[in-house]
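Every chain is numbered from 1 and lettered A, B, ... according to where its sequence line falls, protein lines coming before strand lines.
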There are 2 protein chains.
Amino acid sequence: MSTEGRAAPTSPGPSTSRASIADVARLAGVAPITVSRVANGAESVSPATRQRVQSAMDKLGYAPNHAARALRSGSFGAIGLVAHRLARTGESRTVEGVVEAARAEGYTVSLVDVVAPTSDEVTAAARRLSHQAIDGLIIIRAETSTPATLALPPRLPVVVSDSSLIRRHAAVSSDQVSGTRAAVQHLLDLGHPTVHHLSGPADSSPAQVRLETWRETLRAAGRTVPEPWRGDWTLQSGYELGARIAADPQVTAVFCANDEMAAGLMRSLHEHDIAVPQELSIVGFDDIPVAEYLWPPLTTVRQDFGRIGAELVRMVLERLRGGDDALARHVVVPTTFVIRASTAGYTPRTRAPRS
Amino acid sequence: MSTEGRAAPTSPGPSTSRASIADVARLAGVAPITVSRVANGAESVSPATRQRVQSAMDKLGYAPNHAARALRSGSFGAIGLVAHRLARTGESRTVEGVVEAARAEGYTVSLVDVVAPTSDEVTAAARRLSHQAIDGLIIIRAETSTPATLALPPRLPVVVSDSSLIRRHAAVSSDQVSGTRAAVQHLLDLGHPTVHHLSGPADSSPAQVRLETWRETLRAAGRTVPEPWRGDWTLQSGYELGARIAADPQVTAVFCANDEMAAGLMRSLHEHDIAVPQELSIVGFDDIPVAEYLWPPLTTVRQDFGRIGAELVRMVLERLRGGDDALARHVVVPTTFVIRASTAGYTPRTRAPRS
DNA sequence: GGTGACGTTGTCATCGTCAACATGACGCAG
DNA sequence: CTGCGTCATGTTGACGATGACAACGTCACC
């Protein structure tokens, strides 16, 4: 009497008490292990038994309990992903790349975001995730200005993208240097005396790289390096700085650290009646979908975010399975310089800006 | 001799054999349950013991095994999320909303995408997820044209967004009807004899709603209903259809089913030398960040994707905890009509299009 | 000094699955 | 008819954490 039937769901959480392997076994009149064998493609089960088990499973709507399976096997089939502001173009496309690559490998992705890209926040997020069930961890654009050591669970494979953590962890990054160089050189080749820069926020590692490379390229060409303007990646910041850029007739070429700021800038120049590219050339970065359809179509540096995502997954899984330390620690994904119509040969700006 | 020490990690997967609660207990000289108590904020543990356990945990880098915890408690602390083409604006912003809301509730999000928004694909994705450890499921924009029943695990709370599955599952959707009506009415109020429509793909439920509402609004106003153009949400499709729209001098007002297509269209009209809004008024849908910075700034219907994401999470958790069936089955999130500069009063188009 | 209350810590059992080993049935060669 | 291999199926136990309950020590109070 005491062992008969299933106990009422008194103790465990308010969970969905789904059918377990034992229920199926009872209904099919077999041992639990047989059900397990059927559920897993299985080795040697007679067709008759298999059939009986199968219909019992269907009848009860049985789905294997992943927690139990993970507990038993020690692996979860999931990769953790920490991102910041994931609705932004680069982020969301990288996330998409990660998710697609993970799916191809039979993994799902556990996503958490951080409110601010500080070291503490990322640590907290990683901890939150490691309390979750994950086999590896990907951190996208951890724009920590203070690269304190992240307190991560030991033995958890970690791969980061474009961040100041590159030195401490395996990493995937875009070839920002080549992209930036191509962009700046393109403008110089067009005859512009120098190239101004609308940079990203100071705490962003990619922004720093683009800024540095821009500076170096100008220096290498023996040009004067003007003071850069500091934006925050948003369209609005590009738009607002546009007023200052319009007011300075020295500026004939601007390399923007991303396409959004370039778009905001172009809009502002429109309003100030400055013709792009006749009076002022603009280059962006990222190649967001709308870049090609702006007016004029934006010359920019294309990043292959999908590939970055795929590489991130590949590296995590490599570490997961191999365990070897002889693995590549840093993969660089090439960028492509795309010339459209927002750049043109140098001509001095003559017209006074309209206020 | 046989029972002493831990067995070499022969049997279970190649997993990271992290320290277990037993290891910590041994090191601290206490029982496992005490470690458990310390790990969980705990009730009654003496400061001395707590301290000892804490340092043992730190020393071993202990992190609780979530699989075991989930197995015991029956809940996973994770919400499954199925999305399609998640790098698109609406999708990525909704995902961001979901992730933020989930974090606030202490949940993480398990993300999978589907290659195509078919019923089969979504079912497969959901199954893949339910093999994962999730407590509830959110399906974003399942644009199934054939709303066959999804074969989902029983008792798994499911909430969908903007899809043809609305009838079968709890749902959150934008108030597309009001938004569309406001957009079309705005153009009619400006004196345009009728309003053309650049619609989304036929298999998209939101596209259908916008199309239907546009049609009804025109009918209610007693206007002729022109044949709609069919796009596929992309900038490119808007751009390509732009040639035809430019060629038809009857067209003076176009309601586009999303901002991307509107942007593509505007670019095309630029090239055909048709002035927006003087000769042709355009309204978009979504209010993507760049909409405000296009030239001219785009009049559009703003969707509150963040709120949609938050509502999705709220409804899933409600179902998860309450279990009551007396819960709201359908939440509508308001849209906002944002008037900018891409619409103007009606004037007949006189100039012949260029080419 | 004995008794009970309380606060701390431990024992046992359990969640669902699956690897390892054990058992049983059957067939076939010698 | 015996012995052994083969295949299908069953039994046992362990993965790690933790709820229920028990046991222990300490202290206050009568």
Residue met sooner reading DNA chain C from 5', once A/Leu71 and B/Arg50 are mapped to nucleotides: B/Arg50

Among the nucleotides D/dT18, C/dG16, D/dA17, whichever has the atom closest to the side chain of B/Ser36 is D/dT18

Check nucleotides 10-14 of chain C for protein N or O atoms closer than 3.5 Å to its own N or O atoms and list the pairs.
| residue | atom | partner | partner atom | Å |
| --- | --- | --- | --- | --- |
| C/dG10 | OP2 | B/Ala31 | N | 2.9 |
| C/dG10 | OP2 | B/Thr34 | OG1 | 2.8 |
| C/dG10 | N7 | B/Arg37 | NH2 | 3.0 |
| C/dT14 | O2 | B/Arg72 | NE | 3.1 |

If you look at every strand shown and take non-hydrogen atoms under 4.0 Å, does B/Val35 touch a base, only sugar-phosphate, or nothing? nothing

Quickly work out the B/Tyr62 OH to D/dG16 C1' distance and round it to whole Å. 8 Å

Sub-4.5 Å side-chain heavy-atom contact between A/Thr49 and A/Val38: no

How close do A/Val313 and A/Val98 get, heavy atom to heavy atom, and via which atoms? CG2-O, 3.5 Å

Tell me the interatomic distance from A/Phe76, atom CZ, to D/dC15, atom P, rounded to whole angstroms. 15 Å

Would you tell me if any nitrogen or oxygen in the side chain of A/Thr49 comes within less than 4.0 Å of OP1 or OP2 on D/dT9? yes

Taking every heavy atom of A/Val158 against every heavy atom of A/Ile139, the minimum-distance pair comes out as CG1-CD1, 4.3 Å

Between A/Asp23 and A/Arg26, is there a side-chain heavy-atom distance shorter than 4.5 Å? yes

In whole angstroms, the gap separating C1' of D/dG16 from CE of B/Met57 amounts to 15 Å

Applying side chain to side chain contact (heavy atoms under 4.5 Å, CB included) to B/Asp58 and not counting sequence neighbours gives B/Gln54

Tell me: NE2 of A/His66 to C1' of C/dC15, nearest whole Å? 15 Å

note: B/Asn65, atom CG; D/dT18, atom P; distance rounded to Å ~ 10 Å

Would you say A/Ser73 places a side-chain N or O within less than 4.0 Å of OP1 or OP2 belonging to D/dC15? no

Using the C1' atoms of five pairs at each end, what's the angle between the two axes of the helix from C/dG1-D/dC30 to C/dG30-D/dC1, to 10 degrees? 60°

Residue pairs, two or more places apart or on separate chains, that pass salt bridge (charged side-chain N to carboxylate O under 4.0 Å, His left out) and touch residues 94-112 of chain A: A/Glu96-B/Arg85, A/Arg103-B/Asp113, A/Glu105-A/Arg321

With side-chain contact (heavy atoms from CB on, under 4.5 Å) as the test, pick out the partner of A/Val24 among A/Val35, A/Thr34, A/Val30. A/Val35

Among residues at least two apart in sequence or on other chains, which ones pass side chain to side chain contact (heavy atoms under 4.5 Å, CB included) with A/Ala310? A/Ala101

Are any side-chain N or O atoms of A/His66 and backbone N or O atoms of A/Phe76, one a donor and one an acceptor, separated by less than 3.5 Å? yes

Do A/Ile308 and A/Leu312 make a side-chain contact, defined as non-hydrogen atoms from C-beta onward lying under 4.5 Å apart? yes

Within the 4.0 Å limit for protein heavy atoms, which parts of nucleotides 22-28 of chain D are touched? Write it as a string from 5' to 3', B for base, S for sugar-phosphate only, - for none. -------

Take A/Leu27 and A/Tyr62 through the side chain to side chain contact (heavy atoms under 4.5 Å, CB included) test and state the conclusion after the steps. CA-CA 12 Å; A/Leu27 181 61; A/Tyr62 168 76; over 6 Å; no

From C/dC18, D/dT18, C/dT9, nucleotide with atom closest to B/Asn40 side chain: D/dT18

Using only atom types and a distance under 3.5 Å, with no angle test, would you say the side chain of A/Arg52 pairs donor to acceptor with the backbone of A/Ala28? yes

Does OP1 or OP2 of C/dC15 have a side-chain N or O of A/Ser20 closer than 4.0 Å? no

